[in-house]
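Each chain gets a letter, A, B and so on, in the order its sequence line appears, and its residues count up from 1. Computation of the quantities below employed the complete heavy-atom set of this structure, encompassing side-chain atoms and omitting hydrogens, waters and symmetry-equivalent molecules.
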Number of protein chains: 2
Amino acid sequence: MILKSQVEWALHCCAILAGLPEGRYLSTKALAELHGLPKEYLSKALQSLSQASLVETTLGPSGGYRLAKTPSDINFLEIAEAVEGKARSFTCTNIRANNPCRPEGYCDSKPCAVARIMWEADEAWRDTLRRVRLSDLVSTLSEEVPADIWRSTFEWVLKRAG
Amino acid sequence: MILKSQVEWALHCCAILAGLPEGRYLSTKALAELHGLPKEYLSKALQSLSQASLVETTLGPSGGYRLAKTPSDINFLEIAEAVEGKARSFTCTNIRANNPCRPEGYCDSKPCAVARIMWEADEAWRDTLRRVRLSDLVSTLSEEVPADIWRSTFEWVLKRAG
DNA sequence: GGAATTAAGGACATATCATATCCGAAAACC
DNA sequence: GGTTTTCGGATATGATATGTCCTTAATTCC
Ligand code: FES
Ligand code: FES
């Protein structure tokens, strides 16, 4: 069970976009340079965010991405699901139905108890991510990242934001 | 993020082994037939359980698998990790280190805030599974599976248990 | 002792998915 | 009109999941 590294990319990109002044856009090129990522591939992750209506885009020079909602209205789960998909991590292939002792055509009334427990764990994972807002991340980062790096990073970003 | 279907297989096999009388073994062949699975491949999952010391084996005719501990001493997480590995679902590739604004040779004191949150969610998933014992599953199944199917299944199993 | 049966594990084949690159179209800016 | 950007499709590559086959060693039964 491995998450795509695109999740890490998307979360870090959103953290940067959250620090952008009202109305400004940041291009894929800048986000890729800032994080040392392949531009073309990072673009796919950003497209996923766009399809999930988490970010807005505009074309042309000075175009790029900005958040579609305020950072306190976006949580980690939305971002993770945008790039990773909403499918549950455990998929039940209903192997209990292969039991040779089951009568012909017998139909289960409930999902299997095994699957229900695995799905409950999945939901616990989702709940944790749902509870963390993008604004919480930005707060933490602004405390933990050394002030001079934090400042120079956003200078770097603003120089490139259209 | 998708779990191997071997997790489903292992959990269902453990549920069956939990119903085995003291000292009896059940072969891969029987477990594969009961669940409609490829014998050779299911064998890999059972080997993983064996390496994790969750089950014991014996060779020869009448050989096979039995639980190494009582069902109340085995939880879902142990079984899942035996098959799926203990690696965390989120891996941080430390893309923050690629920030061109960071001074040469700067070293982070803490893991990235993004990673910490993702790991927290991972831990919530693990906690949920850790809290469910194999004996809990057996209780639920014995209530939910129709009595006649439950009974005939274990007759079927006992006929093949060495 | 010999034949049959079993788990263990290595070698190999295949399918699916993550990762990555490239290109053309449409939109926005100059 | 030329440039820059997002978007989507096509394609290539590597890793992982899935599945099969075969050999070896241990155990049971005759
Ligand atoms: S049949 Fe799929 S989890 Fe039980
Ligand atoms: S650098 Fe890996 S999660 Fe932030």
| task | For Glu143(B) and Ser139(B), test the side chains for any donor-to-acceptor distance below 3.5 angstrom and give the result as yes or no. | result | no
| Nearest-Å distance for atom pair CD/C1', residues Glu40(B) and dG10(C) | 13 Å
| Does dT6(D) have OP1 or OP2 sitting under 4.0 Å from an N or O in the side chain of Gln47(A)? | no
| query | Do any side-chain nitrogens or oxygens of Thr28(A) fall under 4.0 Å of OP1 or OP2 in dT5(D)? | reply | no
| query | Which whole-number value in Å describes the distance from Leu26(A) CG to dT6(D) C1'? | reply | 14 Å
| Do the side chains of Tyr25(B) and Leu59(B) join up, straight or via other hydrophobic residues, at under 4.5 Å, putting them in one cluster? | no
| request: Verify the distance criterion only: is there a donor paired with an acceptor across the side chains of Gln47(B) and Ser43(B) at less than 3.5 Å? | output: yes
| note | Side-chain contact check for Ser50(A): nearest option of dT6(D), dG9(C), dC7(D) is dC7(D)
| Will you find, in the side chains of Arg96(A) and Asn94(A), an N or O donor that is under 3.5 Å from an N or O acceptor? | yes
| Atom pair CG (Asp73(B)) and CG (Leu134(B)), whose distance is rounded to the nearest 0.5 Å | 10.5 Å
| task | Just compare dT6(D), dT18(D), dT21(C) and give me whichever is closest to any side-chain atom of Lys4(B). | result | dT18(D)
| Could you give the CG-to-C1' distance, from Leu3(B) to dT16(C), as a whole number of Å? | 16 Å
| message | Can you tell me whether the side chain of Lys44(B) and the base of dG10(C) have a donor-acceptor pair closer than 3.5 Å? | response | yes
| said: Rounding to an integer number of Å, can you tell me how far Glu8(B) CD sits from dT18(D) C1'? | reply: 14 Å
| query | Leu46(A) or Pro61(A): which one's nearest nucleotide on DNA chain D is closer to the 5' end? | reply | Pro61(A)
| message | Using the side-chain heavy atoms of Tyr65(A), tell me which of these nucleotides is nearest: dT6(D), dT28(D), dA7(C). | response | dT6(D)
| Relative to the 5' end of DNA chain C, which residue comes earlier, Thr58(A) or Lys39(A), by the nucleotide with the nearest heavy atom? | Lys39(A)
| message | Need one value for Tyr25(A): base, sugar-phosphate or nothing, where a base atom within 4.0 Å counts as base even if backbone is also close, heavy atoms only. | response | nothing
| request: Give the rounded distance in Å between these two atoms: CD of Glu84(B) and C1' of dT18(D). | output: 13 Å
| field | Length of the line joining Ile2(A):CD1 and dT16(D):P, which is rounded to integer Å | value | 8 Å
| task | Check every strand shown and say whether Glu56(A) touches a base, only sugar-phosphate, or nothing at a heavy-atom separation below 4.0 Å. | result | nothing
| request: Verify the contact: side-chain N or O of Gln51(A) to OP1 or OP2 of dG8(D), cut-off strictly under 4.0 Å; return yes or no. | output: yes
| query | How long is the line joining CG of Leu31(A) and C1' of dT5(D), in whole Å? | reply | 13 Å
| task | Using atom CH2 of Trp9(A) as one end and atom P of dA18(C) as the other, report the distance to the nearest whole Å. | result | 13 Å
| message | Please determine whether residues Tyr106(A) and Ile95(A) belong to a single hydrophobic cluster, defined as Ile, Leu, Val, Met, Phe, Trp and Tyr linked transitively by side-chain heavy-atom distances below 4.5 Å. | response | yes
| query | Under 4.0 Å between a side-chain N or O of Ser43(A) and OP1 or OP2 of dC7(D)? | reply | no
| task | Look at the side-chain N and O atoms of Tyr41(B) and state whether any lies under 4.0 Å from the OP1 or OP2 oxygen of dA15(C). | result | no
| task | Output the single nucleotide from dT21(C), dA28(C), dT6(D) whose closest atom is nearest the side chain of Ser27(A). | result | dT6(D)
| message | Heavy atoms only, 4.0 Å cut-off, all strands: where does Gly162(A) land among base, sugar-phosphate and nothing? | response | nothing
| request: Report the nucleotide, chosen from dT18(D), dC29(C), dT27(D), that has the shortest atom-to-atom distance to any side-chain atom of Leu59(B). | output: dT27(D)
